[in-house]
Peer 1: 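Let me begin by handing over the structure; questions about it come next.
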Amino acid sequence: MDPEAIEQYDLYCLVDQLFYDAPHAGETGEPDFSVVGRSFPEGWVHHADETWLYFAPPMAPTPQQGWKIHVSSSLSDADRTLETVWDYCVSRGIPFKYLRSRPVMIMLNSKAAFRGSSGKLVTIYPADDAQLHTILDELDALLQGVQGPYILSDLRYGKGPLFVRYGGFMERYCLSDTGTRVLALENADGELVPDVRGPVFALPDWVEMPEFLQPHLAARNSVSVEDIPYQVESAVHFSNGGGVYLAKDKRTDKYVVLKEARPHAGLDAIGRDAVARLLHERDILERLAGLDVVPELLDYFQLGDHHFLVLEHIDGSPLQRLIVNRYPLTHPDPPRGELARYTQWALGMMERVEQAIAAFHERGVVFGDLHPDNILVSTDDRMVLIDFEVSTLVEDESRSTLAHPGFQPPAERTGADSDRYALACMHLHLFAPQTTVQLNMNLAKAAQLGGVVGDVFQGPDQAKATTRAVDTILGRHKKERTSFDDVPMPGNAPWVELRDALRTAIVASATPERTDRLFPGDPMQFFPGGGINLATGAAGVLFALDATGAGRFPEYEDWLLKHAVEPAADTPAGFYDGLHGVAFVLDQLGHRQEALDVVERSLALLDDNLELGLRSGLAGIGLNLMHLGDRAGESKLLDLADRIVAVTADRLGEPMDVPEISGGGFARAGLMYGSSGLALLFVRAYERTGDSALLDHATTAIYQDLRRCIRGEDGTLQVNQGWRTLPYLDEGSAGIALALARYLRHRRDEDLTADLRDLSAVARAGYFVQSGLFAGRASMLAMVGALRRGGFVPDGDDSADLLIRGLRWHAMTHAGGLAFPGDQLLRLSMDFSTGTAGVLFALGTVEHDAPVYLPFFGPPGTGGRSEYPSND
């Protein structure tokens, strides 16, 4: 499976309206592309993943790396292209792959797709440079007239649909400069180095360009912007359809905005490319000319195959940025006056947006893509709406083809009504940012969300506007206004009722007849090991159910056992993403021998290219080896854990060896990916051995992550990503707080105790976009639960109560139970890291009558024994 596909959550929304699912799950068996279902010669190898169909002749001597050929195509030319490539490659015994369906092709070439690799329909794997040259020459002739998007990561061969890039044919891995495990190439010295796949063609410095490709490189480099009357100064935004650039008009010395469209790229739902939409936007802007809420259209030109609009430059900020900067609930304990001021500002903004949309309708235009990033507020307070490429005419009663998912109207809302629906969503968004995405799963959420908003942002004007917005969103579904009333809600219902409602939704979603996953969750479950692992798979759900007293489910345990003892060959070893977490859960459920068998299988996966972190790397593996080694009395596992601790200490470095920024090209901080996971490893090793040098290593690890934190004006200490701060469990302050609290049990330190207070203070914020355990509100709840059991939360602190009540922002219903959306909020999730099982687990850390802890965070016992009772 293509690792880049996970960035495109829309790809996993094609099949099911409620849950993320693999694109192929919706295939009917009917042919899609004309070549689907064709027979191939005896002995050929064929397999499929979520994105590609692979074909290779028997015993094909495919090299591990080299020049690969990518074939691009438009939708209209796809069948001809595939038929030609199929006939050519099969008859000559050349391995190849192609996208498995038209919906996948559209999604991977949509506006939101990863722009570096978008456009690929077929990949061909030549055996050597000579065969590369032959294939390019012969296919170039056979594919004359085929048109397709330019593949930005590649070098174009001639003017047709063929592109080349040097890269890996087989999956090999190494560690990047940030310590992340990435796909690798072998350099001239035989060392594995990252196989960089960016949106610009680049050749590894040890690879010599074949002579027959040199003219094509020269042709690529000959394209120049010198002849246009604009000097590009910076890129504002990129999408797969093109870019938006800040430029200066050389003739007037005034700033302008250039909006670029790439031909055949950035497809929308009806197959229009970026160029078609840019031409349409030009027509709409001409129709709206003279309105103060629209940027002035200055010019239109073409450079090569790319088209450009030239627009008036608006010196200002998107409304979304203003919302983020002003929104009071992201800070702990905002005063009532701050809420009132924000309410007044938001209602004022809403009135201005409504006036702008009314002006468009008077000109006969439906905006069609209303959301806060398409609204600019200038430094002199002028409001301007941008991006008219999917606008339509009122008289056409059309439906938007590329609307933001949080503002996308139901199918029956067309024409001007679609703008009115988006305006109503805009009102809710101003008070509950991003949450309107959930309306795509259940419109009745609007009424429940309106009630939550009204409880927090009070006042007659706000109440009246919210009621009007909810009525508009519900439309003819107004009878569903009370459909949430019969489901227990956090903050109102007792723990046992909440637990039963969460269990009801989880069990109702189970699909034991499937082999790829048992419970629907994040799209990561369709990656190797994702259907069984602790983060996104069956192991995590069963762990949460058992730990919180929600029950044992023998049928589901049998499913996990079946898929764990004979996992897919590419299942990773890691704790949260692979076999070690599965083994941990199997042991907790009383299946010790099977757990040890899974660990034994995982030992073959230990190598020098494993990351250090808790989620996927050595820290998680070492912790689990200690845990199971003690529980089962297996000295072999304990010895291996000791070696992992030593290797981790050698690779740790010093406190100042990490940058002050986390992520974005730097190593990530936090519990799951950063040094806090290493600190937990060293502390648990200390608890087992009493070796104080291990606490010294933990000190270093803690300070590495604190170096990547920044203290805000509200006093909270959060991980600094440069452009934002993160408070969450996976790579934010909550995870650091948990590791630090464990450390402080053994070494008292006033400064670090103060840091712990500031790391955990963000738990009193009133709003978090997502609900999940790793990157949402449940992060805060699990942190508070652990700190309270550890004695780090003062008596009378009501943070847990506030967080539980705050889960109402995200709550959804499913099958008569209570459920929560996964990451990106586009679909429900039942998994541990992003979804309902994680929320259940977090609630259990503060509500359950027996202690509930994240793995390895329970009270230290003799020899580091499990924090959970043995089921032996």
Side-chain angles (χ1 to χ4, degrees), residues 15-16 18-22 25 496-522 524-526 528-568 571 576 578-599 601 773 813-820 822 827-841 843-844 848 850 852 855 868-872:
V15 173
D16 196 310
L18 284 180
F19 301 111
Y20 294 117
D21 210 339
V496 173
E497 289 185 17
L498 285 177
R499 182 181 65 188
D500 290 349
L502 290 160
R503 177 181 58 204
T504 294
I506 291 170
V507 172
S509 74
T511 54
E513 71 280 3
R514 289 181 61 155
T515 60
D516 56 346
R517 55 100 160 138
L518 175 57
F519 301 99
D522 190 81
M524 281 296 295
Q525 65 183 193
F526 301 110
I532 63 173
N533 70 23
L534 187 51
T536 60
V541 178
L542 296 179
F543 173 60
L545 290 167
D546 180 51
T548 59
R552 293 280 298 274
F553 299 86
E555 177 188 7
Y556 302 153
E557 291 179 27
D558 288 344
W559 188 97
L560 179 60
L561 283 164
K562 176 182 176 181
H563 292 86
V565 296
E566 294 184 4
T571 301
Y576 279 101
L579 295 175
H580 272 274
V582 175
F584 175 90
V585 173
L586 289 177
D587 183 64
Q588 300 301 325
L589 296 175
H591 307 290
R592 173 158 298 163
Q593 187 55 55
E594 290 85 350
L596 293 173
D597 291 343
V598 171
V599 168
R601 180 182 292 270
L773 180 61
T813 62
H814 177 65
L818 179 63
F820 288 85
R827 295 292 186 267
L828 298 179
S829 170
M830 298 297 162
D831 70 33
F832 187 70
S833 63
T834 74
T836 305
V839 174
L840 168 65
F841 187 87
L843 283 165
H848 194 40
V852 174
Y868 296 97
S870 172
N871 290 301
D872 292 348

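Just so you know, these numbers use all the heavy atoms, side chains as well, and skip hydrogens, waters and symmetry mates.
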Peer 1: Which value, rounded to the nearest 0.5 Å, describes the distance between D522 atom CG and T834 atom OG1?
Peer 2: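 Nearest 0.5 Å value for the CG-OG1 distance: 4.5 Å.
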Peer 1: Taking all non-hydrogen atoms of both residues, which atom of W559 and which atom of R517 are closest, and how far apart?
Peer 2: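 The pair with the smallest heavy-atom distance is CZ2-C, 3.6 Å.
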Peer 1: Please give me the minimum heavy-atom distance between F553 and L545, naming the atom from each residue.
Peer 2: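 Looking at all heavy atoms of both residues, the closest pair is CE1-CD1, 3.6 Å.
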Peer 1: Counting heavy atoms not belonging to E566, are there more than 12 under 6.0 Å from its CD?
Peer 2: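 No, the 6.0 Å shell around CD holds no more than 12 heavy atoms from other groups.
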Peer 1: Given the side-chain rings of F543 and F584, with only the six-membered ring counted for Trp, is the space between their centroids under 6.0 Å?
Peer 2: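 Close enough - the centres of the two rings lie under 6.0 Å apart.
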Peer 1: Side chain to side chain contact (heavy atoms under 4.5 Å, CB included) with Y20: which of M524, R827, Q525?
Peer 2: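 Single side chain to side chain contact (heavy atoms under 4.5 Å, CB included) partner of Y20 among M524, R827, Q525: R827.
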Peer 1: Output yes when a side-chain donor or acceptor of R499 lies under 3.5 Å from a complementary backbone atom of T548, and no otherwise.
Peer 2: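 Judged by distance alone, yes, a pair lies under 3.5 Å.
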Peer 1: How long is the gap from CG on L561 to NE2 on H591, to the nearest 0.5 Å?
Peer 2: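 The CG atom of L561 sits 4.5 Å away from the NE2 atom of H591.
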Peer 1: D558 versus K562: any side-chain heavy-atom pair under 4.5 Å?
Peer 2: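 Heavy-atom side-chain distance check fails, nothing below 4.5 Å.
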Peer 1: Strictly distance-based, threshold 3.5 Å: is any side-chain N or O of S833 a donor or acceptor partner for the main-chain N or O of A535?
Peer 2: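 It does hold such a pair.
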Peer 1: Could you give the distance from CD1 (I532) to CG (L542), rounded to the nearest 0.5 Å?
Peer 2: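 Those atoms lie 12.0 Å apart.
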Peer 1: Sub-3.5 Å donor-acceptor pair from the side chain of T536 to the main-chain atoms of G530, do we have one?
Peer 2: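 Yes: the side chain of T536 pairs with the backbone of G530.
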Peer 1: Strictly distance-based, threshold 3.5 Å: is any side-chain N or O of R552 a donor or acceptor partner for the main-chain N or O of L589?
Peer 2: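 Such a contact is found between R552 side chain and L589 backbone.
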Peer 1: Below 4.5 Å, heavy atoms only, C-beta onward: do V582 and L560 meet side chain to side chain?
Peer 2: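 V582 reaches L560 side chain to side chain.
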Peer 1: Return the CZ to NE2 distance between F841 and H848, rounded to the nearest 0.5 Å.
Peer 2: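 The distance works out to 10.5 Å.
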Peer 1: A505 and L818: which non-hydrogen atoms are nearest, and at how many Å?
Peer 2: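 Closest pair (atom of A505, atom of L818, distance): CB-O, 3.3 Å.
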Peer 1: Rounded to the nearest 0.5 Å, what separation is found between the OG1 atom of T813 and the CZ atom of F820?
Peer 2: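 Nearest 0.5 Å value for the OG1-CZ distance: 11.0 Å.
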Peer 1: Between E555 and P512, which heavy-atom pair has the shortest distance, and what is it?
Peer 2: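 Closest heavy-atom pair between E555 and P512: OE2-CG, 3.4 Å.
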Peer 1: Can you measure from CG (N533) to CZ (F832) and round to the nearest 0.5 angstrom?
Peer 2: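 One gets 11.0 Å once the value is rounded to the nearest 0.5 Å.
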Peer 1: For the residue pair S829 and G822, what are the closest heavy atoms and their distance?
Peer 2: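 Taking S829 first and G822 second, the nearest heavy atoms are CB-CA, 3.5 Å.
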Peer 1: Considering all heavy atoms of both residues, which atom of A819 and which atom of L828 are nearest to each other, and what is their separation?
Peer 2: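 Answer, listing the atom of A819 first, then L828: CB-CD1, 4.2 Å.
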